[in-house]
Each structure stands twice: as C-alpha cells, then as structure tokens.
2 protein chains.
Amino acid sequence: MSDRRTAILESAARVIARRGVRGLRVEELAAEANVSKALIYYHFEDRADLLRRTLAYVNNRAERYTTEQPGTARPDRPLRRLERALLLEFQDIPHVRENSTAWGELRASAVFDPELRGELALADVIWVREVADCLGRVQPAAPESALTASAERLTALLEGLSTRWLSDILPLEDARARMRGAIEAEVAHLARHARCPVHRTASALPSSQDLFD
Amino acid sequence: MSDRRTAILESAARVIARRGVRGLRVEELAAEANVSKALIYYHFEDRADLLRRTLAYVNNRAERYTTEQPGTARPDRPLRRLERALLLEFQDIPHVRENSTAWGELRASAVFDPELRGELALADVIWVREVADCLGRVQPAAPESALTASAERLTALLEGLSTRWLSDILPLEDARARMRGAIEAEVAHLARHARCPVHRTASALPSSQDLFD
DNA sequence: GTCTATAATACGATAGAC
DNA sequence: GTCTATCGTATTATAGAC
C-alpha cells in the first residue's frame, strides 16, 4: 500500500475522531492530509469506500495493540491479561482515542446502516470469545454459557463506559475503576456459578413476563 | 405548547429512530409530519434547535414511562422495581424503540458535539441516582460509593446492550437476560462490600500503573 | 399559522492539465 | 500521481402570498 494512501487513512482516523464517521467531509480530510480532494478520489472509489477502508485500518491498529507484545516472554496471569485487554481502550493517547472513537461511531452508525453490521458482528464474536477465554482461565469450573454471558456483559459495558469517557461525562480514571469493578463482580459471579451450577440467571429472578402485567 | 409543535416533535422522534440524529433531513421530517418545510422553521429556530427540543421531548417521554404507574397502589419490592426500570428499555414497541434509538443517538452525537453534553450529563446523574437508590433498598448495608459505582456500571451496560439490540447483533431476549444477570452480579457484589467494607475495587486488583509497564 | 416558491450554499464527485 | 477548476445536486433556510 502506497505511503500516500496510508497517510490519507491516518488522517481520516484523526478526522473521524474529531467529527465522527457521519461528520467526515472529504474537503476537511483533504486539508488534514495536505492533499487535494481529487487525490482522495484517485486513491478511493468514493466516500463510502474511504470510510470502509478507514474503519478496517483502525480495526487492524486496534488488534495490533490488543495482541500480546512480543517482548513479553511469559504470558500474563489470566486475570491480569483480562484486565489489560479490557482497560487498554481507556488511555488518553491519540491513537487509542482515535480507535475508540471510530469504533464507537461504527457501532452507532450500524443502528441505521445494516451494511456495517456484518463486520461489527464478526468483530464482536471474536472479542467476546477472547474475553470469555480469559475468564475461563480465571474460573475453569464455570460453564461455557456463563463465561459467554459474562464476556458479553463486559464488552457491552466497555462501550458504554467508553462513550461516557469520550463525551467527558465520566473521567478517565472513573471509567477505568468501573471497568475493574465489573471484572471483579463478574469473576465472583462465575465463582458462584461454578460452585452451584443449577443456579441460573433466568430462574433466579422474576421472568420478564412477570414484570409487565 | 401547540398541537402542531408536538406533532412535529413526535414525527421527529420517528424520523430519528429511522435515520439517526445526523441523518434527519428537514424535508423528510416535513413529509412525515404532513406539514411544509417552512412550518418547521416557523416553529423552530433552525435544525439544531429542532434537534435539541426533540431530544428533550424524547427524554420526558422516557421519564414518564420509567416512573411508577399511578395504578400501582403499593410500590414494587425494591429488586423488582430495579429490574423493571432497567428492562423497560428492552421492548420491541414503537415508542420504546424510538426512545432508545434517539437516546443512543444523543449519546453518540455528544462525543462530537459538546453542546449536547449538558443535558446528557444531567439526565445521567438523575438516572444513576435512581438506580443507586433502588440498589440501596436491596442492600441497605452497602456504602454509598459502592452503590453509585454499581449504578454507573448498570446504566452504562444498558446502553451497550441497547446498541447491540438495535443493530440486530444481540436478540432482544439475550439483551434482557444479560441485563438481569448483571443486576444479579451487582447485587451480590454489593452484599460482599456490605459484609466487608474495607474491600475496595481499587486495591483488590493491580492498579493501572502496574498494567502498563 | 401555513403554504409555495426560491435563494444560498455545502458537499460529493469529475474533467482535464501537468 | 497530483493538482486546479468546476459541475450537479441535496439540503438548509428564507421571502412573501394567503
């Protein structure tokens, strides 16, 4: 991939972090990348293509920093690894902030644009499986279904906290603290499930039918 | 407030649910409300004003259906009340779906539009306090800070699950089940805090400094 | 209060020179 | 590959009649 192309993608990530996916104007991107509008249309089919490729690019960058660093000789202990993965998003560093923002935008856009859902659903499955895997190492006795449920909660929470952080509604350190608290709560939750496998969420509390009479 | 104005706001909520805040076109809204574009500019200053007022309107509607129904003579038991409040958002009914969608959009837009943050932050504080209050009735021995932390997690999770539901990534019943599971986990978490108040999230797990060496 | 024009412009996209 | 200039249209917003 040409340098110029990459430079445009990097600029696009910055502009998206500033204006959102739906607020990205080709002209503003051109200014940010110090190129002409026409050059963008030379390197990309149209605005939609540019957006898709930028999101893919951001996604790759995110995977790169989620994955274990090569320098780490011995893998982290499971709980530590889990925390590292889930807290990685909460750092006030341009790249990370850009990725979080773009990712949040992708999610928000998918509510109205079914075309975006495929990529999102796939990334979610992978992400949930990774977190469930970490949880499984922390609580090996917990049933698979409980691990998945906990992982789905943690990843969904991540997004909610991230949105609040990026909107300056929740300070960064609070977001991190909430995330840590949730991990603690879920790990304890799984420990209870492991000790008493019959105990199910669905039957432990009144069903949805009861709630709306 | 005039009927016409209200009718426009109601139509705006529908259009936002279909296209998003940033996808709302004044012309489409005019068609939806069966009025002319000019009338919208007669009743509202400009597009931004219309958006702000629609979001406030939706917010009021949401409060109305969160609040206890007048028919209910005796207040719900605390846990039941908590569940009712947190699961209310997860119903496939036009009004509710509209509110959830508009609310999610408001949050997503606030990341890029500081003007929207004031209203959002205020609504959040109220909403967190309400949930913390319910939690406090379920676990009276839990310290205030732990109640707030749990409430912040539950409300942030609500948003993450809602986004997934509205994007067809998570089926409605799964979203409800995850929410119920989280309530269960948080209530148990608070019970542990109540029994052992010294036990703190911040010290129970490695600090953020340890994680990024 | 409500409508039918119409102005003003912002934005995506392209043509064509270098 | 990269630029300048321009086109076409979608969209916000207003003027002015009723």
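Below, chain A is the first sequence line, B the second, and so on; all start at residue 1. Owing to the predicted nature of the structure, the values given are computational and were not obtained by experimental measurement.
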Might you point out which heavy atoms bring A/Val138 and A/Leu79 nearest each other, and give the distance in Å?
CG2-N, 3.7 Å
For residues 10-24 of chain B, which residues have at least one heavy atom under 4.0 Å from DNA chain C?
none
Kindly say if B/Arg25 contacts the phosphate of D/dA10, meaning a side-chain N or O under 4.0 Å from OP1 or OP2.
no
Under the rule for salt bridge (charged side-chain N to carboxylate O under 4.0 Å, His left out), what residues qualify as partners of B/Asp174, not counting sequence neighbours?
none
Let me know the distance between CD1 of B/Ile40 and P of D/dT11, rounded to the nearest Å.
14 Å
Please work out which residues in residues 48-57 of chain A have a non-hydrogen atom less than 4.0 Å from an atom of DNA chain D and list them by number.
none
Whether B/Arg5 engages the ring of B/Tyr42 as a cation-pi pair (distance to the six-membered ring centre under 6.0 angstrom, angle to the ring normal within 45°) should be assessed.
no
Stacked cation flag A/Arg97 on A/Phe90, 6.0 angstrom / 45 deg:
no
Given atom CG of B/Leu29 and atom P of D/dT11, what is their separation to the nearest angstrom?
14 Å
Residue pair A/His95 / A/Arg61, side-chain donor-acceptor N/O under 3.5 Å
yes
Please report, rounded to the nearest Å, how far the P atom of C/dT6 is from the CD atom of B/Glu27.
15 Å
Quick one, A/Arg14 with A/Glu98, criterion salt bridge (charged side-chain N to carboxylate O under 4.0 Å, His left out). Give me CA distance, side-chain angles, the key distance, then yes/no.
CA-CA 6 Å; A/Arg14 275 196 300 278; A/Glu98 276 170 29; 5.1 Å; no
In whole angstroms, the gap separating P of D/dG1 from CG of A/Asp3 amounts to 11 Å
Judged by modelled atom types alone, do A/Glu186 and A/Ser150 share a side-chain donor-acceptor pair under 3.5 Å?
yes
Please identify each residue that fulfils salt bridge (charged side-chain N to carboxylate O under 4.0 Å, His left out) with A/Arg47, with sequence neighbours left out.
none
Is the backbone N or O of B/Ser100 less than 3.5 Å from a side-chain atom of B/Glu89, with the two atoms forming a donor-acceptor pair by type?
no
Mind checking side-chain hydrogen bond (donor to acceptor under 3.5 Å, both in side chains) for B/Arg107 and listing every partner two or more places apart, or none if nothing turns up?
B/Asp124, B/Glu159
Heavy-atom pair with the smallest gap, counting every atom of B/Asp49 and B/Arg53:
OD1-NE, 2.8 Å
Dump the pairs, protein N or O against N or O of nucleotides 2-4 of chain C, anything under 3.5 Å, distances to one decimal.
residue	atom	partner	partner atom	Å
C/dT2	OP2	B/His43	NE2	3.2
C/dC3	OP2	B/Ser36	N	3.0
C/dC3	OP2	B/Ser36	OG	3.1

Below the 4.0 Å mark, does D/dA13 have OP1 or OP2 next to a side-chain nitrogen or oxygen of B/Tyr41?
yes
